[in-house]
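In what follows, a single structure is set out as structure tokens and then discussed.
A quick note: this is a predicted structure, and the numbers were derived from the prediction, not measured. What you see below is based on every heavy atom in this structure, not just the backbone, and it leaves out hydrogens, waters and symmetry mates.
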Number of protein chains: 2
Amino acid sequence: MAIPRAAKTQRRTRIQEEKEEKILEAALDVFSVSGFRGSTIDQIADVAGMSKPNLLYYFRTKEAMHRALIDRVLYTWLEPLRAFDANGNPESEIRSYIRRKLEMARDFPRESRLFANEVLQGAPHIEDELKGPLKDLVDEKAGVIKAWAKAGKIAKCDPYHLIFSIWSTTQHYADFDVQVLAVLGQEHGGGGRFEDAARFLEQLFIDGLRVKPAS
Amino acid sequence: MAIPRAAKTQRRTRIQEEKEEKILEAALDVFSVSGFRGSTIDQIADVAGMSKPNLLYYFRTKEAMHRALIDRVLYTWLEPLRAFDANGNPESEIRSYIRRKLEMARDFPRESRLFANEVLQGAPHIEDELKGPLKDLVDEKAGVIKAWAKAGKIAKCDPYHLIFSIWSTTQHYADFDVQVLAVLGQEHGGGGRFEDAARFLEQLFIDGLRVKPAS
DNA sequence: TGTAATGTTTACCAGTCGGTCAAATTATCC
DNA sequence: GGATAATTTGACCGACTGGTAAACATTACA
């Protein structure tokens with residue numbers, strides 16, 4: 001008898017790698033649009049071009065697919081914040097963090113929506129990740145920002161809310177893309193919206209955080 | 001025979017008003033968490049304390065409930081932007097717009113999440129509202145902001161992206177509340193997060209938009 | 001108070017949901 | 001090439017989905 005589940009085998013077949021990849025790719029398509037509850041295995045199977053029982057051969061449950069997807073995407077997603085360098089120049093660090101996050105919103109909107117859907121619905125599947133790895137990373141970087149403020153390199157401000165505001169403004173262009181496009185219309189919405197956003201946000205954050213002369 | 005659906009009657013009964021109110025209240029609870037696809041009539045019926053067929057007596061379909069809810073909430077939701085006054089002082093107008101939006105995120109998070117869910121999933125039910133009333137209103141206010149910039153009252157900036165950034169930063173505290181709470185932890189997350197956010201955002205936007213001396 | 005209109009419920013339907021199972025097919029390796 | 005393990009499929013299950021039909025209960029109003 002074969003081992004009942006591919007996931008339990010020690011060595012991963014070439015087929016396993018390919019198919020799991022294909023499934024997660026399809027799952028990202030579906031979960032990122034409809035959220036966990038709103039997505040169905042059949043939809044994912046359709047997109048993947050595989051039969052439903054075949055998906056369930058690689059991932060025992062819908063939850064397992066979702067979990068695997070989250071795990072795979074989370075690390076990459078936090079990369080820009082991780083790259084935030086305490087020894088760098090504050091202004092250019094913030095600038096490049098904004099630019100990187102905006103590039104991710106442009107190039108990986110599905111990943112952004114996956115998390116947005118999940119958090120929006122109360123984060124029932126990623127609470128631990130938020131309170132653990134995410135919080136730890138943010139705490140660390142908040143410390144860096146606080147030190148910069150104390151040293152007079154940037155204006156005094158709450159580092160946590162600064163990070164929140166960079167997250168929200170940049171991810172907005174992935175998560176709420178239809179709204180952005182609807183409001184900008186065809187004339188401004190074309191391809192330039194990310195460059196326009198980058199220009200605006202860099203200006204806002206750099207000027208907003210510049211140290212003010214004592215008045 | 002009675003008219004088959006209450007919705008078709010000319011005059012609304014007291015009972016109709018009460019029950020439709022109760023249903024929409026429950027629908028807001030459910031739709032705002034799970035989105036349209038992820039929500040079920042049974043869930044709404046449970047929350048409303050009514051039987052499923054009874055809900056369907058007042059709203060023929062799940063879509064009708066959702067539609068009615070959107071219609072009712074949209075007007076209120078745009079109120080703060082509508083209040084944006086061209087004749088006011090730019091700084092205080094922006095400041096009070098931010099404050100108002102933040103108060104709404106605090107006091108009406110379900111409404112915010114209702115729209116967030118909808119837009120996030122491609123806005124299949126509110127595309128017209130986005131391209132119509134919303135775009136028109138934003139176009140108008142963007143004109144106001146542009147005029148302010150031209151008159152040298154605030155720094156030159158893209159008015160659309162300014163509005164987007166105010167939307168995203170403020171609504172973040174409603175839509176991603178679990179994440180905010182998880183990151184801030186218990187020590188900072190308590191009740192003060194909205195005041196802290198207000199302080200930070202006002203500083204960011206006011207200083208960020210202040211006219212810079214020609215260097 | 002009677003009666004017609006309004007409101008509510010029980011029972012139900014067809015389609016979809018996540019998931020199982022055993023049989024059939026394919027890849028692997030000696 | 002054949003045995004064996006890995007992969008794929010169709011048929012199926014019970015629970016749930018949005019929605020209906022009709023009997024039943026309640027209200028409003030002359």
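The distance from atom CD of B:Glu63 to atom C1' of D:dG19 is 13 Å, rounded to the nearest whole Å. Rounded to whole Å, atom P of D:dG19 lies 8 Å from atom CE of B:Met65. For the pair A:Asn54 CG and C:dC21 P, the computed distance is 17 Å after rounding to whole Å. Straight-line distance from the CD atom of A:Glu18 to the P atom of D:dT8: 10 Å, rounded to whole Å. In this structure, the OH atom of A:Tyr58 is 18 Å from the P atom of C:dG19, given to the nearest Å. To the nearest angstrom, P of D:dT7 lies 13 Å from CZ of A:Phe59. Atom P of nucleotide D:dA5 and atom OH of A:Tyr57 are separated by 13 Å, given to the nearest angstrom. Here the C1' atom of nucleotide C:dT8 and the CD atom of B:Glu20 are 15 Å apart, to the nearest Å.
A salt bridge links B:Asp177 to B:Arg193: at least one charged side-chain nitrogen sits closer than 4.0 Å to a carboxylate oxygen. Taking 4.0 Å as the cut-off between side-chain N and carboxylate O, B:Arg72 and B:Glu25 do not count as a salt-bridged pair. In this structure, A:Glu195 does not pair ionically with A:Arg99, as no charged nitrogen and carboxylate oxygen lie closer than 4.0 Å. Here B:Arg199 pairs with B:Asp196 in a salt bridge; the nearest charged N to carboxylate O distance falls below 4.0 Å. Note on B:Asp42 versus B:Lys52: salt bridge recorded, some NZ/NE/NH1/NH2 to OD/OE distance being below 4.0 Å. We find that A:Glu18 and A:Lys22 are not joined by a salt bridge, their nearest charged nitrogen and carboxylate oxygen being 4.0 Å or further apart.
Taking only side-chain atoms of B:Gln16, from C-beta outward, the nucleotide of C:dT9, C:dT6, D:dG10 with the closest atom is C:dT6. Minimum atom distance to the side chain of A:Lys19 is reached by D:dT8, of the listed C:dT20, C:dG7, D:dT8.
Put simply, NE2 on B:His125 and CZ on B:Arg67 are 8.5 Å apart, with the number rounded to the nearest 0.5 Å. Rounding to the nearest 0.5 Å gives a distance of 10.5 Å between CD1 of B:Ile145 and CD of B:Glu93.
Between A:Ser51 and D:dT9 there is a side-chain polar atom (N or O) within less than 4.0 angstrom of OP1 or OP2.
In the helix from C:dT1-D:dA30 to C:dC30-D:dG1, the end axes, each obtained as the rotation axis mapping the C1' atoms of four pairs onto the next four within a five-pair block, lie 10° apart to the nearest 10 degrees.
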Listing time: all N or O pairs from protein to nucleotides 14-18 of chain D that are below 3.5 Å?
unit_1: D:dG18; atom_1: OP1; unit_2: B:Ser39; atom_2: O; d: 3.2
unit_1: D:dG18; atom_1: OP1; unit_2: B:Lys62; atom_2: NZ; d: 3.1
unit_1: D:dG18; atom_1: OP2; unit_2: B:Ile41; atom_2: N; d: 3.0
unit_1: D:dG18; atom_1: N7; unit_2: B:Lys52; atom_2: NZ; d: 3.0

Polar atom pairs between nucleotides 22-24 of chain C and protein, under 3.5 Å, N or O only, would you list them?
none

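Remark: side-chain polar atoms of B:Thr169 are paired, donor with acceptor, to backbone N or O of B:Ile166 under 3.5 angstrom.
Between A:Trp167 and B:Tyr173, the ring centre distance reaches or exceeds 6.0 Å.
Taking the six-membered ring where tryptophan is involved, the planes of A:Phe164 and B:His172 are tilted, since the angle between them lies from 30° to 60°.
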